[in-house]
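What follows is one structure encoded as structure tokens, with my remarks underneath.
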Amino acid sequence: MADSTTPRTIVSACLAGIFCRYDGSTRANAKVVNLIRRGEALPVCPEQLGGLPTPRPPCERRGDRVLNSEGCDVTAPFARGAEEALRLARLAGCTRAVLQSRSPSCGLGRIHDGSFRGRLVDGNGVFAALLLENGFTVLTEDDL
Ligand code: SF4
């Protein structure tokens, strides 16, 4: 069980089995689900917290902006959702995050390049970048 010495972890909700991905699917990860069962982790979906619907068109970062596949600029809801998820992480006393790879919100190190052609570039999702700026330790599900 979690105690005062256990680092609390914020996790991408889709890794926890929540059907919050852009296409209404999940990416349940057994290790992440176990963290939650042990009371050590809190699931959040920054895109939903930013007010975006599920399902929603796929989105990718292009420079400082985030666009969806229909060409709409969704930078503002992405930023709002990242701030709200950070607020929740702080309220829960989290110091670490385990996030879904390659997402425009949660991706760490490598994300899609904004062309919607499956290409990856170096970079972080909006939420992952905000957590790093605020001193969190950020991992992906592959690091567990
Ligand atoms: S924003 Fe993060 S938590 Fe939400 S579906 Fe995308 S990868 Fe999962």
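All ligand and atom numbering here is 1-based and tracks the order in the structure.
Ligand 1 has Val44 within reach: a non-hydrogen atom of the residue lies less than 4.0 Å from it.
For atom 8 (Fe) of ligand 1, the closest non-hydrogen atom on the protein side is Cys14 SG, 2.3 Å. What sits closest to atom 2 (Fe) of ligand 1 on the protein, heavy atoms only, is Cys106 SG, 2.3 Å. Looking only at protein heavy atoms, the nearest one to atom 4 (Fe) of ligand 1 is Cys45 SG, 2.4 Å.
Nearest heavy-atom pair across Leu131 and Ala97 is CD1-CB, 3.5 Å.
Shown in contact with Ser103 at under 4.0 Å from a heavy atom are these atoms of ligand 1, numbered in order with element: 6 (Fe), 7 (S). Listed by atom number, the atoms of ligand 1 under 4.0 Å from Ala13 heavy atoms are 3 (S). Counting the atoms of ligand 1 from 1 in the order shown, those under 4.0 Å from a heavy atom of Gln100 are 7 (S). Distances below 4.0 Å separate heavy atoms of Ser12 from the following atoms of ligand 1: 3 (S).
Judged by distance alone, with hydrogens and angles left aside, the side-chain atoms of Ser105 form no donor-acceptor pair with the main-chain N or O of Glu47 at under 3.5 Å.
By the neighbour-count criterion of 12 heavy atoms within 6.0 Å, atom CG of Asp64 is sparsely surrounded, having that number or fewer from other residues, nucleotides or ligands.
Of the heavy atoms in Arg56, only side-chain atoms (C-beta onward) come closer than 4.0 Å to ligand 1. At a heavy-atom cutoff of 4.0 Å, ligand 1 is contacted by both the backbone and the side chain of Cys20.
Taking the charged nitrogens against the carboxylate oxygens, Arg87 and Glu84 do have a contact shorter than 4.0 Å, which makes a salt bridge. Classification of Glu40 and Arg8 as a salt-bridged pair fails, no side-chain N sitting under 4.0 Å from a carboxylate O.
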Exercise for the section: Apply side-chain contact (heavy atoms from CB on, under 4.5 Å) to Glu60 and Phe116, showing your working. Expected result: CA-CA 7 Å; Glu60 296 191 2; Phe116 295 93; 3.5 Å; yes

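Here CG of Asp143 is found 10.0 Å from NZ of Lys31. Values are rounded to the nearest 0.5 Å.
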